[in-house]
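Notes follow once the structure below has been shown.
This one's a predicted model, so the numbers in the text were calculated from it and none came from an experiment. Whatever order the structure lists ligands and atoms in, that order sets their numbers, starting from 1.
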Amino acid sequence: MNRPINDHNPPYRAVIAGHGSFVPAKTLTNDDLSKMVDTSDEWIAARTGIKVRHITTDDETTAFLATEAARRALAEANFNADEIELIIVATITPEMVFPSTACFVQRALGAKKAWVFDLAAACSGFVYGLSIAQQFLENGRCKNALIIGAETLTKITDWTDRTSCILFGDGAGAVLLERSSDGRQGILYSTMASDGNYWEALNCQAYGSRHPAAKKLDDSKKIYMQIKGREVYQQAVRRVVETVTECLEACNLSIDEVGMFISHQMNARIIESAAKRLKLPDEKVFLNIAEYGNTSSASVPIAFDECVRKGGIKRGEIVIFVVFGAGLTWGANVIQF
Ligand code: UT7
C-alpha cells in the first residue's frame, strides 16, 4: 500500500538501500576518565548511561571515519561508488574549514559523478541530511544519495572539564538512499526545527569569523565544546516528545504500528524520560549509548546500523529517527524500512 502522508503522495520514495557504521578502535572507559577528572564510573553511568566511548588517534580524521562508514553502507547495498549522485556529510567537526569533508569522502570513494557538501546542524545533522536528500529523490532530481554522519568530537573536548568530557565519543554512520516508485518503502515523513535563541547552551566558538584563528582568543577555552547540561536536558525531553507526537499524528500511526524508535543517543535518562511520556515500550527504544557516548550527527546512523544488525528492525517495519542538539536544532524521520 502506498501510504499517503498529509496528502503528500510523491511519485518516488527515498528508500534505505544500505547502511554501515565505523568507530575508532581506541576506547576510553569511565574508570580511565576518573583518573583524569574528579568523577567516577558510578556517577557517569547513573547520570548518562555511558560506560565507554571510542576515541580517534591523531591520524584518524572525520573524513577517514566517514569514508569507512560509507564503504560499509555501499558494500551492504552492493552499490558502486561511481554511481553515487549526491553525498551529504553531516558534521560539526569537519576535516578542515574548507573544502568540505564531503569532498574528501568523494575523493576517497572515487565517487566521480556525485555533487557533495557538508551540513552543520550538530546532533540533528543526519536527520536534516536525510530530509534534504529525500526532497531530491522524491522530485526525481537524483536517483540515489549517500548520507553520512561523522564526528571527531574528542578533538574539541576539554579533558579538564568533567561536566562535558564524560559525554562525547567519535564515530560515523552512513545510509545509501535509492529512489523507488514502489510506494511500500521509504522515508514517509520528515520534520526539522531550530531555535537559535539557545545558541549559548551548547557551542564551540573558535575558530569561526567571530573568533578567527589568526587572532588571540580572549578565553582559551573557546577552542572546546561548552555545554549547559541542565538547560539542554530539559529542552531535549520536551522537544523529543513533541517531535515524535507530531510524526505519529502526521502519519496517522499508533505506537503499536512503529517497529523501533532510534533516538539520538545524548543521555539514556533523556531518552527514557521522553519514552515514558510517550508511553513507548522499552523493547521499541534502542539504546547503545553505553558503548559509544554521544557521537552527535553519527549517533542515529550508528544506532540504526547496530539495531538492524542485531535483528531489532526488519525490512517493511516502521522506524522513527528522532534527534535534538546544539543550535538548538531538532527533527525526525519516519521510515518504512
Ligand atoms: O546532544 C545534546 C548534547 N547533550 C547535552 O548537552 C547533555 C545534556 N545534559 C545532560 O546529559 C546532563 O545534564 C549531564 C549529564 C550533563 C549532567 O547531569 P545532571 O543530572 O543534569 O547533573 P547536574 O549538571 O545537575 O550536576 C549535578 C552535580 C553537580 O554538583 P552539585 O552542584 O550538585 O554539588 C555537578 O557539579 O553533579 C556534579 N557533576 C559531576 N560529578 C561527578 C557534574 N559533572 C560531574 C561528573 N562527575 N562528571
Quiz prompt | Any His264 side-chain heavy atom under 4.5 Å of Asn294 side chain | solution = yes
Practice problem: Please lay out, stage by stage, how Phe136 and Trp115 fare under the test ring-ring contact (aromatic ring centres under 6.0 Å, His included). | Solution: CA-CA 12 Å; Phe136 285 102; Trp115 60 285; 5.3 Å; yes
Quiz item: Are Ile255 and Phe337 co-members of a hydrophobic cluster defined by side-chain heavy atoms under 4.5 Å apart?
Solution: no
Quiz prompt | Under 3.5 Å: donor-acceptor pair, side chain of Thr101, backbone of Glu95 | solution = yes
Quiz item: Is the distance between the ring centroids of Phe22 and Phe64 under 6.0 Å?
Solution: yes
Quiz item: Of Asp41, Asp32, Asp31, which meets salt bridge (Lys or Arg N to Asp or Glu O under 4.0 Å) against Lys51?
Solution: Asp41
Sub-3.5 Å pairs, protein N or O with ligand 1 N or O:
unit_1: ligand 1; atom_1: 1 (O); unit_2: His264; atom_2: NE2; d: 2.9
unit_1: ligand 1; atom_1: 1 (O); unit_2: Asn294; atom_2: ND2; d: 3.0
unit_1: ligand 1; atom_1: 9 (N); unit_2: Gly229; atom_2: O; d: 3.1
unit_1: ligand 1; atom_1: 11 (O); unit_2: Asn267; atom_2: ND2; d: 2.7
unit_1: ligand 1; atom_1: 13 (O); unit_2: Gly229; atom_2: O; d: 3.3
unit_1: ligand 1; atom_1: 20 (O); unit_2: Arg47; atom_2: NH1; d: 2.8
unit_1: ligand 1; atom_1: 20 (O); unit_2: Arg230; atom_2: NH2; d: 3.1
unit_1: ligand 1; atom_1: 20 (O); unit_2: Arg269; atom_2: NH1; d: 3.3
unit_1: ligand 1; atom_1: 20 (O); unit_2: Arg269; atom_2: NH2; d: 3.4
unit_1: ligand 1; atom_1: 21 (O); unit_2: Arg230; atom_2: NE; d: 2.9
unit_1: ligand 1; atom_1: 21 (O); unit_2: Arg230; atom_2: NH2; d: 3.0
unit_1: ligand 1; atom_1: 22 (O); unit_2: Arg47; atom_2: NH1; d: 3.3
unit_1: ligand 1; atom_1: 25 (O); unit_2: Arg230; atom_2: NE; d: 3.3
unit_1: ligand 1; atom_1: 36 (O); unit_2: Arg162; atom_2: NH2; d: 3.0
unit_1: ligand 1; atom_1: 41 (N); unit_2: Trp43; atom_2: NE1; d: 3.4
unit_1: ligand 1; atom_1: 41 (N); unit_2: Arg162; atom_2: NH1; d: 3.4
unit_1: ligand 1; atom_1: 47 (N); unit_2: Thr39; atom_2: OG1; d: 2.7
unit_1: ligand 1; atom_1: 48 (N); unit_2: Thr39; atom_2: OG1; d: 3.1
unit_1: ligand 1; atom_1: 48 (N); unit_2: Arg162; atom_2: O; d: 2.9

